[in-house]
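To start, the structure under review is shown below, and the notes come after it.
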Amino acid sequence: MATLPTYHQENQTITFNDPAKLQLTVITPAIIRVFENRGEPDDSYAIEGDKQQDTEFKFNQVANHYELITAALTLHIDKALHIDAYDPAGNPLVTDYRGTRTPLDRGIDEAHKKFIKEEGHNVPGANDQDNTAYYEVVKRLAADESIYGLGDKTGYMNKRGYEYDNWNTDDPAPHLENFTRLYKSVPVMFGLKDGHPYGLFFDNPYRSHFDLGKESANYYFYSAEAGNLDYYIIGGKTLKDVVSNYTYLTGRTPLPQKWTLGYQQSRWGYSATQKMVQGIVDDLHKYDLPFDVIHLDIDYMRDYRVFTWNDDAYQGNPKKFVTNLKNQGTKIVAIIDPGVKKDPGYNIYDEGIKHDYFVKRPDGNVYVNQVWPGDSVFPDFGRQAVRDWWANNDQFLTDLGVAGIWNDMNEPASFVGEIPQDIVFSDHDRPSTHKKMHNVYAHNMDQATYASIKRATDRRPFVITRAAYSGTQKYATVWTGDNHSIWPHVQLLIPQLCNLGMSGFSFSGTDIGGFGSDVTPELLTRWIEAAIFSPLLRNHSAMGTRDQEPWQFGEPTLSIYRKYLKLRYRFIPYLYDLFAKEERSGLPLMRPLVLNYPEDRRVHDINDQYMVGDSVLVAPIVQPSQTKRLVYLPKGDWVDFWNHQEYSGQQDIVVDAPLDKLPLFIKKNTILPWGEEVDHISEQPDQQMTFTVYGHSGNYHHYQDDGLDFNYRNGEYNDYQIVVEDDHVSVRLTHHGFAPVYQRIVVELPDQLITLNYNSKTETYQ
């Protein structure tokens with residue numbers, strides 16, 4: 001029998017008594033932490049609070065290894081401290097690779113690497129982790145293994161065969177599948193190994209690297225340039241369970257205000273004057289386009305100074321303007337960047353200097369780089385005092401009536417080279433460096449912004465952020481950054497948003513139409529169709545690009561755009577229901593088919609279809625000049641949304657898709673809420689709700705609250721159960737905590753309408 005390392009046990013933590021002091025901690029039956037202290041503080045930005053549950057487990061020596069057994073996971077630990085994780089049936093999930101890594105032979109020597117660099121080209125294979133890995137974790141890769149997650153990295157849904165870096169980066173070039181890093185670092189991966197699900201979350205904010213089978217088909221690996229070895233093995237009976245367990249660990253997107261699910265219009269440029277903003281609002285009304293939000297980009301400020309407003313361009317009274325729009329049902333969301341203009345006499349700069357709130361050079365002087373205001377300094381968000389100060393300044397916007405705050409440039413971006421890694425930042429109030437704090441800079445800024453809006457308004461905060469780390473989903477909605485008006489980016493939105501959703505970021509979207517470059521009428525039309533179910537629905541474009549409001553293109557673009565915006569508002573009750581469920585389950589609204597049907601190998605690599613919840617399948621056109629497409633329908637029976645034709649699942653069908661048609665299918669025997677046709681989301685409770693039945697049976701729970709505040713957490717919500725059995729309809733109010741109820745419920749069957757009225761005395765529908 002092999003000699004195994006000795007250990008000691010304290011509660012649910014096993015510590016091996018070798019020099020590395022490797023620890024295994026049982027967090028829940030399905031989550032086990034692997035930790036090795038390498039000199040860093042044992043703090044997490046992603047995980048808040050104590051997530052450990054009292055868990056029964058066994059730890060025994062069996063033959064030549066130890067076994068740690070919970071109800072959901074079994075770990076084998078050998079004398080070299082290799083860790084192999086299995087499910088309860090003995091199927092391997094995450095197993096250490098015993099061999100030696102073999103880097104790709106690219107046929108390039110150091111002299112040629114230098115030459116290529118001097119020519120200004122990227123050196124093949126010179127990723128961020130070459131020769132800098134402080135440690136690495138190498139796992140076996142099965143022949144049949146698919147990998148998902150990692151936030152909104154570029155490329156396809158299945159990340160197997162690619163490599164990625166975690167270093168938040170603002171790159172304005174068109175994002176393509178060879179980009180290894182973008183704005184967010186979300187180091188979580190979800191796998192299906194021979195059909196068996198698992199998750200791995202590497203909780204390390206330092207720069208890190210994933211190679212997911214690019215170097216070798218036999219293994220994948222994670223490496224980091226510094227930090228503790230700190231990762232979580234996550235199990236679950238299904239892929240949904242694994243995602244739910246990950247979001248239990250890092251937090252779930254809170255239920256948003258209902259109006260945030262409405263259409264949002266933005267452009268860098270037209271927020272420079274009140275007249276231009278009012279013109280956009282007037283045109284949206286004129287062309288009968290429902291909407292809820294106008295975004296103000298950096299030009300509403302006074303020379304790009306944060307927490308200022310160019311009052312002269314807003315007739316001296318921006319608060320009056322914002323209030324007037326709000327009274328008409330239009331909310332304003334304003335952008336804020338972290339860079340503070342270096343400008344003595346400017347109160348934000350002066351306060352920050354006085355209280356020592358900005359990051360510094362190693363010599364103790366305040367660090368200066370350039371962003372939009374010119375020479376700028378950067379708040380040290382790793383300190384609680386700085387976050388509190390920033391939150392107090394955010395109140396400048398909420399006092400004016402701004403309904404949400406859009407945090408941008410918070411990678412942090414800079415114009416004069418990257419911020420050096422030795423710049424002094426704070427880590428939980430301890431001195432640290434940019435090297436460690438870069439990837440969580442936005443996370444801390446978003447946390448401060450969320451706290452500010454919540455305190456100032458007592459409503460669910462609407463914070464939008466470009467950069468993020470795992471766990472930021474607790475504070476902010478995200479979008480995928482500065483995309484372009486090109487077909488590859490309408491194709492990219494599906495895997496990006498689906499992987500974001502699996503990675504915890506349920507509230508996400510893309511810039512519809514593209515931020516950079518010039519959109520065409522066909523591209524804009526297909527983009528609004530493809531994105532119409534994305535939780536964040538915003539059209540945003542850059543100054544200097546072609547105007548891309550739908551009326552700029554005439555017909556048929558305008559009519560088709562209007563058709564899908566009106567469709568979106570009809571579906572908002574369903575999306576809101578999904579958000580209410582998401583806060584409890586952590587499962588996203590917008591899903592890859594593999595999340596709902598992991599047992600179907602056919603869906604593991606589908607990149608141009610997605611699902612909304614469990615029951616709605618969307619198959620947009622993402623290629624130019626295409627008017628037909630192949631749609632794969634998974635298991636079950638499906639109903640064409642437009643003509644109600646029925647199809648059996650587990651087959652490919654050819655669907656007509658002229659320019660004005662988005663192929664859309666509903667799973668048979670599904671009940672969906674169907675909102676009224678409105679021009680914006682009202683803050684007043686609805687008096688009626690319609691439910692449409694696709695088939696002749698179904699069971700559905702519908703959620704209702706005031707759509708604004710946190711009272712639902714104290715039970716102030718309603719739950720309606722709609723049951724249809726062979727066209728017989730019943731409605732029960734299973735929870736009545738929100739005083740207003742629907743006075744009338746209409747159930748639309750395939751061949752009849754049934755109307756039920758509320759009896760307040762019996763609290764029943766008859």
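- Here the side chain of N596 pairs a donor or acceptor atom with the backbone of G613 at under 3.5 angstrom.
- With K331 contributing its side chain and I294 its backbone, the two residues share no donor-acceptor pair below 3.5 Å.
- Looking at R460, R459, K258 one by one, the single match for salt bridge (Lys or Arg N to Asp or Glu O under 4.0 Å) with D706 turns out to be R460.
- Residues F579 and F507 place their aromatic rings such that the two centres sit under 6.0 Å apart.
- The closest side-chain donor-acceptor pair between Y270 and E549, if any, does not fall under 3.5 angstrom.
- Checking D640 against Q645 by side-chain atom types alone, no donor-acceptor pair falls below 3.5 Å.
- Looking at W479 and S508, their side chains never come closer than 4.5 Å, going by heavy atoms from C-beta outward.
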message: Could you walk me through whether D288 and K566 satisfy the salt bridge (charged side-chain N to carboxylate O under 4.0 Å, His left out) test, starting with their C-alpha distance in whole Å, then the side-chain angles of each, then the deciding distance to 0.1 Å, before giving a yes or no?
response: CA-CA 9 Å; D288 189 25; K566 288 180 179 289; 3.3 Å; yes
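- Remark: K581 NZ is packed, more than 12 non-hydrogen atoms of other residues, nucleotides or ligands lying under 6.0 Å away.
- At a threshold of 4.5 Å between non-hydrogen side-chain atoms, the residues P254 and R713 count as touching.
- Residues I528 and L565 form a side-chain contact, since some pair of their non-hydrogen atoms from C-beta on lies under 4.5 Å apart.
- Across Y263, W268, W406, a single residue satisfies ring pair (Phe, Tyr, Trp, His ring centres under 6.0 Å) together with H295, and that is W406.
- For the atom pair CD (E599) and CG (L239), the distance works out to 10.5 Å, reported to the nearest 0.5 Å.
- Side-chain atoms of D705 and Y576 include a donor-acceptor pair closer than 3.5 Å.
- Residues N168 and Y183 are not in side-chain contact: their nearest non-hydrogen atoms beyond the backbone lie 4.5 Å or more apart.
- Aromatic rings of Y720 and F691 (six-membered ring for Trp) have centroids beyond the 6.0 Å cut-off, not under it.
- Side-chain atoms of T250 come within 3.5 Å of backbone atoms of Y246 as a donor-acceptor pair (strictly under, hydrogens ignored).
- For F515 and H489, the distance between ring centers is not under 6.0 angstrom.
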- request: List the steps and the verdict of side chain to side chain donor-acceptor pair (under 3.5 Å) for D292 and Y569.
  value: CA-CA 11 Å; D292 275 87; Y569 277 75; 2.6 Å; yes
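- No side-chain heavy atom of Y742 sits under 4.5 Å from any side-chain heavy atom of V731.
- The closest side-chain donor-acceptor pair between T734 and D719 falls under 3.5 angstrom.
- Formation of a donor-acceptor pair under 3.5 Å by the Q609 side chain with backbone atoms of A619 is not found in this model.
- Annotation: the span from R602 atom CZ to Q650 atom CD amounts to 11.0 Å, rounded to 0.5 Å.
- Under a 3.5 Å cut-off, the side chain of N718 and the backbone N or O of P740 do form a donor-acceptor pair.
- Between Y574 and F571, the ring-plane angle classifies as perpendicular under the 30° and 60° cut-offs.
- Judged purely by atom type and a 3.5 angstrom limit, K474 uses its side chain to pair as donor or acceptor with the backbone of A46.
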Step-by-step side chain to side chain contact (heavy atoms under 4.5 Å, CB included) determination, Y694 to F641: CA-CA 9 Å; Y694 294 86; F641 174 81; 3.4 Å; yes
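- Separation of atoms CZ (R584) and CG (L255) is listed at 9.5 Å; rounding is to 0.5 Å.
- Looking at H484, its side chain does come within 3.5 Å of a backbone N or O of P172 through a donor-acceptor pair.
- Figure legend: K286 and W551 shown without cation-pi pairing, the cationic atom not lying both under 6.0 angstrom from the six-membered ring centre and within 45 degrees of its axis.
- For F291 and H285, the ring centers sit closer than 6.0 Å to each other.
- For the atom pair CG (L325) and CD1 (I332), the distance works out to 5.0 Å, reported to the nearest 0.5 Å.
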field: side chain to side chain contact (heavy atoms under 4.5 Å, CB included) between L664 and W642, worked out
entry: CA-CA 7 Å; L664 185 60; W642 302 107; 4.0 Å; yes
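- The backbone N or O of I147 lies less than 3.5 Å from a partner atom in the side chain of N158, making a donor-acceptor pair.
- The shortest distance between side-chain heavy atoms of T480 and L182 does not fall below 4.5 Å.
- When side chains are defined from C-beta on, D605 does not count as touching M157, because their heavy atoms never get closer than 4.5 Å.
- Applying the 6.0 Å contact sphere to OH of Y156 captures no more than 12 heavy atoms from other residues, nucleotides or ligands.
- For K635 and D600, the salt-bridge test fails: no basic side-chain N is under 4.0 Å from an acidic carboxylate O.
- Inter-residue side-chain proximity for V277 and I280 is flagged as unmet; no heavy-atom pair is nearer than 4.5 Å.
- Remark: L284 CG to D679 CG distance equals 10.5 Å, nearest 0.5 Å.
- For residues 591-638, there are no ring-ring contact (aromatic ring centres under 6.0 Å, His included) pairs, not counting sequence neighbours.
- Side-chain N or O atoms of T154 include one that pairs as donor or acceptor with a backbone N or O of F179 at under 3.5 Å.
- With hydrogens and angles ignored, the 3.5 Å screen pairs a side-chain donor or acceptor of D577 with a backbone N or O of Y703.
- Between R252 and E582 there is no salt bridge, since no side-chain N of the basic residue sits under 4.0 Å from a carboxylate O of the acidic one.
- Going from atom OG1 of T692 over to atom CG of L753 covers 9.0 Å, rounded to the nearest 0.5 Å.
- Seen from the ring of Y162, K153 does not count as a face-on cation partner, given the 6.0 Å and 45° thresholds.
- Remark: the Q264 side chain and the R538 side chain contain no N/O donor-acceptor pair separated by less than 3.5 Å.
- Contacts classified as salt bridge (Lys or Arg N to Asp or Glu O under 4.0 Å) and involving residues 606-631 (residues at least two apart or in different chains) are given here: K240-D614, R591-D614, D608-R629, K628-D656.
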